[in-house]
Trainee: 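I have a structure I would like to understand better, so I am pasting it below and will then ask my questions one at a time.
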Amino acid sequence: MNTPTWDDTLINKYNVSGPRYTSYPTALSLQSGSQQSDLLTAIERSSSHSLSLYIHIPFCHQLCYYCGCNKIVTRHQSKADVYLDHLEKEIQSQAPLFKAYKIEQLHLGGGTPTFLTATQMTRLISILEQHFYFQDDAQRGIEIDPRSLEQNMLKTLHRLKFNRVSFGIQDFNDEVQAAVNRPQHVDDVIALVRQARELGFASINTDMIYGLPHQTPESFADSIKQLIALSPDRVSVFNYAHLPERFAAQRKLKESDMPTPQQKLDIFKNTLLQMNEAGYQFIGMDHFAKKKDELAIAQNTGKLHRNFQGYTTHGECDLLGLGVSSISQIGNAILQNHKALKSYYQAVSETGCALSKGMILNADDVLRADIIKQLICHFSLRIADIEHTHSIHFFEYFKRELKSLQPLVDDGLVMLSESHITITRKGNLFIRIICMCFDVYLQNQLQNTRFSRVI
């Protein structure tokens with residue numbers, strides 16, 4: 001089991017900032033200048049014929065002050081029609097390149113994907129089904145803001161074959177919700193979760209955030225208690241990263257109202273205990289899943305994967321991102337669309353392709369990505385497998401990295417033998433720090449970027 005062992009001394013020593021490793025190299029390493037030819041080359045070199053689709057819907061009706069996502073706040077519903085016009089052009093351009101692929105996963109993120117009306121959502125799915133080949137049992141997931149869900153939208157989503165929904169709850173406390181400009185009614189959230197369950201959605205997930213103004217260990221424990229009563233299949237409990245120099249909306253939040261660093265640690269410690277007692281498996285970092293959920297099963301059977309959508313069960317899939325700012329990972333290439341909506345529209349209108357940045361992974365990148373994925377998904381690494389797959393001598397190749405890892409070994413976070421690297425229950429809260437030992441790009445990024453703390 002992955003249940004962490006809490007050690008205050010180690011927490012205070014190692015609670016530093018670092019990447020979340022939804023990819024390696026991270027998106028910060030991408031370079032400008034990618035174009036359609038890079039995507040074509042990536043497809044030719046890829047060995048996969050399975051595809052995961054990610055569609056970014058950037059619009060929100062209301063600004064949440066904590067948010068660091070790529071979003072556009074607007075009340076003008078017609079803007080979504082213009083966006084879908086351009087998204088259709090991009091799909092028409094890109095889909096023929098993937099005619100040999102089967103779609104195993106579809107995920108809509110944002111922004112707020114349910115900004116779309118039922119008519120607009122139906123149009124989007126119709127476009128996708130017209131141009132891509134979906135497996136009958138394909139996973140179809142969508143992120144939902146419970147406050148802005150059009151009436152009967154859950155029924156529409158179910159009719160459109162969505163089988164996974166993720167509700168962004170963040171907190172049930174009224175004072176916290178008011179402070180971050182995200183008021184919602186507990187009864188409305190409860191009703192939506194119940195309706196989703198009655199409609200037969202295969203997986204119901206929820207997102208929470210800790211570190212927001214007016215949160216206390218006691219208030220957040222109460223919110224987690226209410227959450228557990230809803231019995232979601234998966235739960236994400238994110239650590240709020242306050243970066244007002246990067247995200248203007250965060251300047252509206254008073255740091256004096258936020259929990260202290262010690263209170264944040266107490267909040268997460270309480271959450272770990274509550275989720276464990278409720279029978280959830282700690283997947284890693286800030287993710288929990290019921291023990292019968294396929295995410296937990298994949299982890300227990302060594303098949304868990306991680307990509308730009310987070311933890312996933314379809315590691316053999318290439319990932320195609322469509323829409324503004326979306327990221328694709330095809331074979332050994334990571335490619336990103338334009339982040340600015342105006343630039344995205346212009347590129348799609350002119351060429352049908354919106355690629356802006358990217359990189360082709362070299363052999364060293366692939367090797368390190370393999371190591372980081374194994375550690376972050378399974379807390380264990382069989383050294384012989386890495387040596388066989390990548391034709392290296394592990395202890396010679398990573399002499400410098402293993403020296404960096406040694407203090408973590410000395411503190412009992414990691415066990416290192418001739419055959420394995422194993423993350424202990426003391427160490428799995430620090431998995432990001434452990435992975436950082438194998439990241440050759442990190443030092444330059446640390447000088448130029450602020451990351452969230454690991455806890």
Side-chain angles (χ1 to χ4, degrees), residues 22 27 30 34 52-94 106-125 127-128 140-150 153 157 160 162 165-168 170 180-182 207 209 238 241 243 246-250 307-310 319-329 335-350 352-358:
T22 49
L30 303 184
S34 292
S52 178
L53 281 178
Y54 173 76
I55 314 295
H56 190 78
I57 307 296
F59 304 108
C60 296
H61 287 111
Q62 185 174 342
L63 177 65
C64 300
Y65 294 158
Y66 60 79
C67 184
C69 298
N70 186 308
K71 78 280 185 185
I72 297 164
V73 180
T74 180
R75 292 286 180 178
H76 299 289
Q77 199 66 42
S78 60
K79 288 191 175 182
D81 291 315
V82 176
Y83 186 73
L84 290 177
D85 290 342
H86 288 83
L87 193 58
E88 183 171 13
K89 290 179 182 177
E90 185 186 12
I91 292 168
Q92 289 172 340
S93 172
Q94 305 298 57
L106 168 67
H107 186 79
L108 272 59
T112 303
T114 49
F115 178 94
L116 301 182
T117 64
T119 300
Q120 290 168 336
M121 186 69 71
T122 301
R123 177 191 173 191
L124 172 58
I125 299 305
I127 293 169
L128 291 171
R140 300 191 186 201
I142 184 169
E143 299 167 10
I144 292 176
D145 182 346
R147 305 166 306 150
S148 59
L149 200 63
E150 184 181 278
M153 178 58 89
L157 295 174
L160 295 173
F162 281 92
V165 288
S166 181
F167 293 103
Q170 321 315 356
V180 299
N181 198 36
R182 192 186 171 89
D207 294 339
I209 297 178
F238 294 107
L243 304 170
R246 287 179 58 190
F247 307 112
Q250 293 187 358
N307 62 19
F308 287 101
Q309 297 175 35
L319 170 65
L320 174 62
L322 298 166
V324 63
S325 77
S326 291
I327 299 178
S328 302
Q329 188 155 17
L335 305 165
Q336 183 172 26
N337 281 354
H338 284 281
K339 292 183 179 181
L341 192 61
K342 183 178 180 180
S343 299
Y344 170 76
Y345 282 168
Q346 182 177 350
V348 170
S349 297
E350 292 177 355
C353 173
L355 293 176
S356 170
K357 303 171 73 174

Trainee: Could you state the interatomic distance from OG1 (T112) to CG (D145), rounded to the nearest 0.5 Å?
Mentor: 5.0 Å
Trainee: What is the minimum heavy-atom distance between R182 and P146, and which atoms define it?
Mentor: NH2-CD, 4.1 Å
Trainee: Once rounded to the nearest 0.5 Å, what's the spacing between atom CD of E88 and atom CG of L322?
Mentor: 12.5 Å
Trainee: I want to check something: taking the side chain as every heavy atom from C-beta on, are L106 and I125 in contact at a cut-off of under 4.5 Å?
Mentor: yes
Trainee: Quick one: side chain to side chain contact (heavy atoms under 4.5 Å, CB included) partners of Q77, sequence neighbours excluded?
Mentor: H61, A80, F115, T117, Q120
Trainee: Provide the closest heavy-atom pair for G141 versus F162 in the form atom of the first, atom of the second, distance.
Mentor: O-CE2, 3.6 Å
Trainee: Is there any salt bridge (Lys or Arg N to Asp or Glu O under 4.0 Å) pair reaching into residues 75-85, and which pairs are they, with sequence neighbours excluded?
Mentor: D85-R123
Trainee: If every non-hydrogen atom of E90 is compared with every non-hydrogen atom of V348, which pair is closest and at what distance?
Mentor: N-CG1, 3.8 Å
Trainee: Could you tell me if the side chain of I55 sits less than 4.5 Å from the side chain of L128, heavy atoms only?
Mentor: yes
Trainee: Check side chain to side chain contact (heavy atoms under 4.5 Å, CB included) between S356 and all other residues, then give those that pass, not counting sequence neighbours.
Mentor: H338
Trainee: Do V82 and Y345 have side-chain heavy atoms sitting under 4.5 Å apart?
Mentor: yes
Trainee: I'd like to check the side chain to side chain contact (heavy atoms under 4.5 Å, CB included) partners of C67; sequence neighbours left out, ordered by chain and number.
Mentor: C64, C69, K71
Trainee: Going by atom types alone, do Q62 and N181 pair a side-chain donor with an acceptor below 3.5 Å?
Mentor: yes
Trainee: Evaluate the side-chain proximity of L319 to L53: yes if any heavy-atom separation is below 4.5 Å, no if none is.
Mentor: no
Trainee: Test of understanding: with ring-ring contact (aromatic ring centres under 6.0 Å, His included), list the residues that count as partners of Y65, not counting sequence neighbours.
Mentor: none
Trainee: To the nearest 0.5 angstrom, please state how far the CG atom of L30 sits from the CD atom of Q336.
Mentor: 6.0 Å
Trainee: Are any of the side-chain heavy atoms of Q170 and D207 separated by less than 4.5 Å?
Mentor: yes
Trainee: With Y83, which residues qualify under ring-ring contact (aromatic ring centres under 6.0 Å, His included), at least two apart?
Mentor: F59, Y344
